[in-house]
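What follows is a set of notes on a single structure, which appears directly below.
Within every chain, numbering begins at 1; the chains are lettered A, B, ... in the order of the sequence lines, protein sequences first and strands thereafter.
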Protein chains: 2
Amino acid sequence: MSKIRTGQGSSKKDVIIKKAASLFRQKGYAASSMRELADLVGVEAPSLYNHIGSKSELLQAICYTVANEFNGHLGKVKNSKESCSKRIEQVIRFHIEMMLESFDEVYVANHEWKQLGDPFLSNFLQQRRSYENVMAAIIEEGIASKEFRKLHSHVAVLTILSAVRGLESWLRHRKNISKEDLENNMVEHLLNGLNK
Amino acid sequence: MSKIRTGQGSSKKDVIIKKAASLFRQKGYAASSMRELADLVGVEAPSLYNHIGSKSELLQAICYTVANEFNGHLGKVKNSKESCSKRIEQVIRFHIEMMLESFDEVYVANHEWKQLGDPFLSNFLQQRRSYENVMAAIIEEGIASKEFRKLHSHVAVLTILSAVRGLESWLRHRKNISKEDLENNMVEHLLNGLNK
DNA sequence: CCTACCGATCGGTAGG
DNA sequence: CCTACCGATCGGTAGG
């Protein structure tokens with residue numbers, strides 16, 4: 001489903017971006033050097049520049065690919081005919097699946113976006129704000145229709161998105177629980193807290 | 001209540017640590033230079049070393065001060081005679097208050113601990129694991145006493161801690177909501193999701 | 001894809 | 001507290 005995965009059809013540039021995501025997640029963007037990245041790819045550092053323009057371009061590619069995936073999904077869910085509860089559940093499950101499928105990329109987009117230079121930084125923040133607003137609108141619709149309890153919609157969005165982000169630390173020290181259990185537990189906790 | 005605040009009784013070292021927390025939060029640890037920090041303090045870079053030993057020592061001081069505050073509070077709550085629900089609520093409220101009172105420090109401890117060198121890194125992770133275990137034990141006690149619904153306790157801990165951490169992004173672009181509203185909304189959402 | 005190398009900046013020290 | 005300066009490492013280029 002995603003351009004993030006690296007199959008046999010991937011170019012050298014894709015490989016470099018994939019390795020960069022892994023390196024940036026482990027060490028942070030600023031603390032990662034192009035020499036280390038070159039080692040992971042299996043070439044000398046200057047050779048990287050035959051495929052990419054700069055270090056910052058790698059961060060941009062990672063952050064924007066992730067942002068596009070999330071925006072694409074929310075766009076589809078937004079105007080569906082299902083209940084607000086069902087739509088929010090779909091958003092939660094999508095976040096959890098993205099985290100499990102594209103851990104490095106999502107982690108980097110969540111942690112290292114601050115290192116983006118302008119205009120990429122402001123554009124990224126703009127996209128995120130808009131994403132949160134759409135989610136808040138769905139929750140407000142649910143409150144108006146008495147489906148949800150009367151909570152501040154933006155606080156609820158924050159609570160949900162942050163909780164889901166926490167899977168990061170889960171994925172670092174994998175406990176013995178299946179993806180299904182994880183999803184169902186989290187959906188139950190967050191959705192029951194919302195439901196009337 | 002906390003050694004984090006910088007009042008009139010603070011030494012130059014305290015001032016440096018406080019400014020470092022602010023700088024590290026804004027730019028990240030690795031991307032912050034000692035020259036920038038010196039500028040904020042109002043001295044030349046080499047003068048910093050009359051008060052501190054190294055850049056990494058600053059990160060250690062910030063992370064450990066925060067960790068000690070949280071551990072101290074949880075230690076007090078842990079064996080209190082109150083209901084599990086009440087104890088979890090106290091933990092949630094403490095996290096929110098810490099975030100509001102010592103934003104820079106908590107943010108840095110949450111985001112930059114990975115840049116700690118060993119043995120500080122493993123010690124920090126050990127403390128955090130132990131903190132989560134104590135919270136999970138309280139939740140399990142609540143499940144056993146039928147106070148809470150039957151959720152995986154470690155997933156619930158993760159959900160709660162992550163949601164509370166999300167206040168970070170709230171504090172960056174302050175919306176018009178009071179501390180009390182924020183706390184009450186979040187406690188209601190998270191606790192109602194837990195309660196039977 | 002490599003070797004050779006650049007200017008800039010880093011954390012930190014010496015010496016006063 | 002400063003000036004002067006160190007070795008190391010950085011992102012990136014030239015040239016083949």
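- Side-chain atoms of Y29(B) come within 3.5 Å of backbone N or O of S56(B) as a donor-acceptor pair.
- Proximity of residues 36-44 of chain A to DNA chain C (heavy atom under 4.0 angstrom from any strand atom) is restricted to V43(A), E44(A).
- For D104(A) (side chain) and A21(A) (main-chain N/O), no donor-acceptor pair under 3.5 Å exists by modelled atom type.
- Between the E57(A) side chain and the G53(A) main chain, a donor and an acceptor come within less than 3.5 Å of each other.
- Ring geometry for Y107(A) versus H111(A): interplanar angle under 30°, hence parallel rather than tilted (30 to 60°).
- Note: H73(A) and F94(A) have parallel aromatic rings, judged against thresholds of 30 and 60 degrees for the angle between ring planes.
- Ionic pairing of R25(A) and E105(A) is not present here: no N-O contact between side-chain nitrogen and carboxylate oxygen is shorter than 4.0 angstrom.
- The residue from V91(A), L74(A), V157(A), N71(A) that alone fulfils the side chain to side chain contact (heavy atoms under 4.5 Å, CB included) condition with V134(A) is L74(A).
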## Note on the structure
The dot-bracket string of DNA chain D, counting Watson-Crick and G-U wobble pairs with both distances under 3.5 Å, using [ ] for crossing pairs and | for pairs to another strand, is ||||||||||||||||
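- No side-chain N or O of N195(B) forms a donor-acceptor pair with one of E147(B) less than 3.5 Å apart.
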Where do N or O atoms of nucleotides 11-14 of chain D meet protein N or O atoms at under 3.5 Å, pair by pair?
from: dG11(D); atom 1: OP1; to: S32(A); atom 2: O; distance (Å): 3.2
from: dG11(D); atom 1: OP1; to: K55(A); atom 2: NZ; distance (Å): 3.1
from: dG11(D); atom 1: OP2; to: M34(A); atom 2: N; distance (Å): 2.9
from: dG11(D); atom 1: N7; to: R35(A); atom 2: NH1; distance (Å): 2.4
from: dG11(D); atom 1: O6; to: R35(A); atom 2: NH2; distance (Å): 3.1
from: dG12(D); atom 1: OP2; to: Y49(A); atom 2: OH; distance (Å): 2.7
from: dG12(D); atom 1: OP2; to: K55(A); atom 2: N; distance (Å): 2.8

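- Using a cut-off of 4.0 Å between Lys/Arg side-chain N and Asp/Glu carboxylate O, R93(B) and E183(B) are scored as salt-bridged.
- Using modelled atom types, one side-chain atom of Q115(B) and one backbone atom of K27(A) make a donor-acceptor pair closer than 3.5 Å.
- Between the P atom of dT3(D) and the CG atom of N50(B) lies a distance of 14 Å, rounded to the nearest Å.
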